[in-house]
There are 2 protein chains.
Amino acid sequence: MSSESAEQGASMARAGDGRSPTIYDVAKVAGVSHQTVSRLLKGEGVRPKNRERVLQALEELGYRPNLAARWLATNKSHRVAVLTQEIGQVGPGRILQGVGAEARQAGYLLDIITLDVSDRSAIDEAIGQVNGEDIAGILALASTDEMIAAFAHAEFRVPAFIGAEEDDALGEHPAQRNARGLDQVVDHLVGLGHRRFFQIAGPRTWVAARNRELAYERSLSRYGIASLGTAYGDWSAASGYEAARKIPSELGITAVVAGNDQMALGAILALSSSGLDIPGDVSVTGFDDIPEAAYLCPPLTTVRLDFEEQGRDAFRRLVTQLEGRSSAPGIMTAELVERASSGPARSG
Amino acid sequence: MSSESAEQGASMARAGDGRSPTIYDVAKVAGVSHQTVSRLLKGEGVRPKNRERVLQALEELGYRPNLAARWLATNKSHRVAVLTQEIGQVGPGRILQGVGAEARQAGYLLDIITLDVSDRSAIDEAIGQVNGEDIAGILALASTDEMIAAFAHAEFRVPAFIGAEEDDALGEHPAQRNARGLDQVVDHLVGLGHRRFFQIAGPRTWVAARNRELAYERSLSRYGIASLGTAYGDWSAASGYEAARKIPSELGITAVVAGNDQMALGAILALSSSGLDIPGDVSVTGFDDIPEAAYLCPPLTTVRLDFEEQGRDAFRRLVTQLEGRSSAPGIMTAELVERASSGPARSG
DNA sequence: GACGCAAACGTTACCGCTCACGTTTCGTGC
DNA sequence: GCACGAAACGTGAGCGGTAACGTTTGCGTC
């Protein structure tokens with residue numbers, strides 16, 4: 001019996017004796033009350049002498065806070081519901097990866113709900129479902145009109161936040177920087193002599209799609225060029241294919257600018273099926289730089305985004321909101337990647 | 001802007017008494033003890049009369065269990081750590097989606113850790129990190145040798161489970177069914193007259209890659225054909241490209257079977273860059289059926305897997321393990337999708 | 001040196017649930 | 001109708017934290 005108590009101090013490291021140390025254990029070792037330990041952990045004032053002893057005890061025992069107890073006591077969970085587009089696509093997947101990394105670092109748990117972010121009733125249902133649970137907040141990873149409307153009307157019991165591109169006004173706002181990648185695309189194509197442009201944009205209900213569309217048009221107008229047409233897809237390769245098939249050949253388009261890589265590759269297939277050479281007859285550009293982009297035939301000129309950082313940033317912003325602070329979005333980089341799908345405009 | 005308007009303070013939806021009902025509230029309304037309520041919730045025996053009254057009270061108050069309290073009392077969290085390959089690829093993303101769906105349904109929370117599943121030290125670090133926390137279990141979503149070794153050597157304080165393809169013996173074991181998709185690929189190609197095969201396999205440290213490799217060879221041998229060579233990639237398009245470039249032209253290969261779609265598309269680029277026509281000169285097949293597969297040029301013949309179900313199944317199996325039961329893997333479907341990247345063998 | 005006032009600290013009481021254990025109820029066999 | 005045992009039920013304690021409040025400590029002031 002007595003040997004057990006002696007052993008107690010030393011043997012904590014391994015699971016062996018069962019439970020992990022509590023603040024009471026730490027307090028006993030440090031010779032203070034559990035409240036002092038709690039205070040120190042919360043960052044409140046503790047006298048240097050005690051601070052040191054507690055810190056040492058903390059270290060010695062390998063203390064880790066018990067989330068459940070804290071959650072129960074404060075009635076504030078560290079659980080965040082994440083609403084995201086189905087992760088078949090690469091972008092959402094990587095964003096989620098960033099969210100996950102940041103969440104784990106901040107000690108939050110994720111409740112991932114994938115849905116069709118353009119289906120208002122699906123969103124409402126998800127929000128309702130989640131609203132009844134003990135969650136700290138809701139993070140939506142796609143800003144579509146439906147999502148925005150649902151968020152505006154829902155009665156949240158917790159902070160909710162749409163962590164994605166924001167308004168349509170294309171100012172110097174850092175959140176729009178990624179649409180700014182389109183400036184570089186247009187510069188690049190105009191530099192190659194292109195004057196006859198066609199756009200395959202993402203669905204208009206997505207803010208990101210509108211931002212890109214706007215950026216495209218504003219960039220062209222800086223050169224005094226008007227776009228010869230815009231078709232709308234749904235981000236999928238299939239929709240890019242359909243959109244490109246319907247481009248009237250009499251327009252003499254030499255450059256097709258797509259809102260993402262999937263639509264671009266669909267467009268490439270459609271155009272080359274109808275006998276056009278890429279980039280000999282038509283240049284095609286994408287957006288996102290999916291990993292396969294460099295190995296399509298031809299390799300795709302596109303814009304590289306840092307999805308992971310986007311996810312990290314979104315989560316950070318939610319957390320600051322949970323803690324009652326507010327914050328500005330981080331700066332997103334967008335970088336043109338020139339590959340073989342774009343080339344000099346066909347003369348004539 | 002849009003996000004700011006969605007931001008809503010903690011305005012309790014249903015006002016009144018504020019906090020949500022506890023089992024004590026329910027017990028009071030039903031005129032029984034809290035323990036009776038608890039027992040009923042756990043599915044233990046309760047006399048019909050009481051049962052009815054409690055159920056009614058439950059309904060009336062809209063009771064929802066407090067996860068934190070339960071967790072604290074049982075010392076069993078409902079938190080599961082998920083180790084997964086970086087989700088840049090589509091497969092892992094969709095698997096994760098399935099896991100998420102199942103987890104949420106079963107009331108579990110996810111702690112997602114993305115890492116390089118072929119980096120032993122990264123795995124060990126992640127396991128160590130997670131092992132100290134209050135988690136119910138660990139779920140690994142990729143079975144590589146490194147992962148298996150790490151799991152074999154780690155001292156787990158909780159159940160850990162690799163939810164992915166299992167052994168290499170290609171029996172009737174349902175887990176290998178998806179490698180069986182390769183049988184269909186081989187049947188298809190042989191039916192088109194191909195006799196000279198080359199394989200671009202995934203990394204040998206992945207069990208799934210080995211299963212596919214084995215399935216490929218066994219299928220060919222059923223026709224009395226020997227593979228003319230195998231190159232190993234790392235699942236990426238880049239590695240497929242490199243592998244295909246190194247295929248000796250004197251082999252007269254007419255069919256290239258790749259271990260996944262990304263490597264297949266890399267191979268297509270390499271082969272067509274060197275003047276070969278796909279599928280005129282060489283047929284190329286993939287595996288996975290990524291969403292873009294149908295829109296590559298040429299559209300890719302491949303095998304469709306149900307990733308989401310794979311994720312669901314993995315999580316279900318972990319849960320049964322958490323609960324002390326054990327279970328067999330579900331049946332995975334694998335379905336050949338014939339597209340334009342495969343065609344009749346060049347004669348001669 | 002006595003005093004006062006914060007800051008630092010300790011004590012006690014919860015948060016909502018489960019577990020162990022003691023008490024009641026009910027159906028059975030004689 | 002009784003003893004009897006099992007099922008059903010109630011009671012109390014505790015999980016590991018935080019919150020509220022009372023007590024001590026240390027320092028500056030007179």
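Just so we're on the same page: letters track the sequence lines, and every chain starts at 1.
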ask   = Taking only N and O in the side chain of Ser38(A), is any of them less than 4.0 Å away from OP1 or OP2 of dG17(D)?
value = no
task = Before accepting this row, confirm whether a basic side-chain N of the pair Arg120(B)/Asp124(B) lies closer than 4.0 Å to the acidic partner's carboxylate O.
result = yes
request  = For residues Leu96(A) and Ile112(A), determine if any side-chain heavy atom of one lies less than 4.5 Å from a side-chain heavy atom of the other.
outcome  = yes
query = Can Arg94(A) and Glu309(A) be counted as an ion pair, charged N to O under 4.0 angstrom?
reply = no
note = Scoring nucleotides 7-16 of chain C by protein non-hydrogen atoms under 4.0 Å (B base, S sugar-phosphate only, - none) yields -SBBBB--BB
note = Lys49(B) NZ to dC26(C) C1', in whole Å, measures 13 Å
ask   = What distance separates Ile148(B) CD1 from Asp145(B) CG, expressed to the nearest 0.5 Å?
value = 5.5 Å
ask   = To the nearest Å, how far apart are Arg64(B) CZ and dC17(C) C1'?
value = 16 Å
key: Whole-Å distance separating the CG atom of Leu40(B) from the C1' atom of dC9(D)   = 13 Å
query = Any side-chain N or O of Lys76(B) less than 4.0 Å from the OP1 or OP2 oxygen of dT18(C)?
reply = no
ask   = Under 4.0 Å: is that the gap between some side-chain N or O of Lys42(A) and OP1 or OP2 of dG17(D)?
value = no
request  = State whether Arg47(A) and Glu52(A) are salt-bridged, where the test is any N-O pair (Lys NZ or Arg NE/NH1/NH2 against Asp/Glu carboxylate O) under 4.0 Å.
outcome  = no
query = Which residue pairs satisfy the ring pair (Phe, Tyr, Trp, His ring centres under 6.0 Å) criterion with at least one member in residues 22-78 of chain B, sequence neighbours excluded?
reply = Tyr24(B)-His34(B), His78(B)-Tyr108(B)
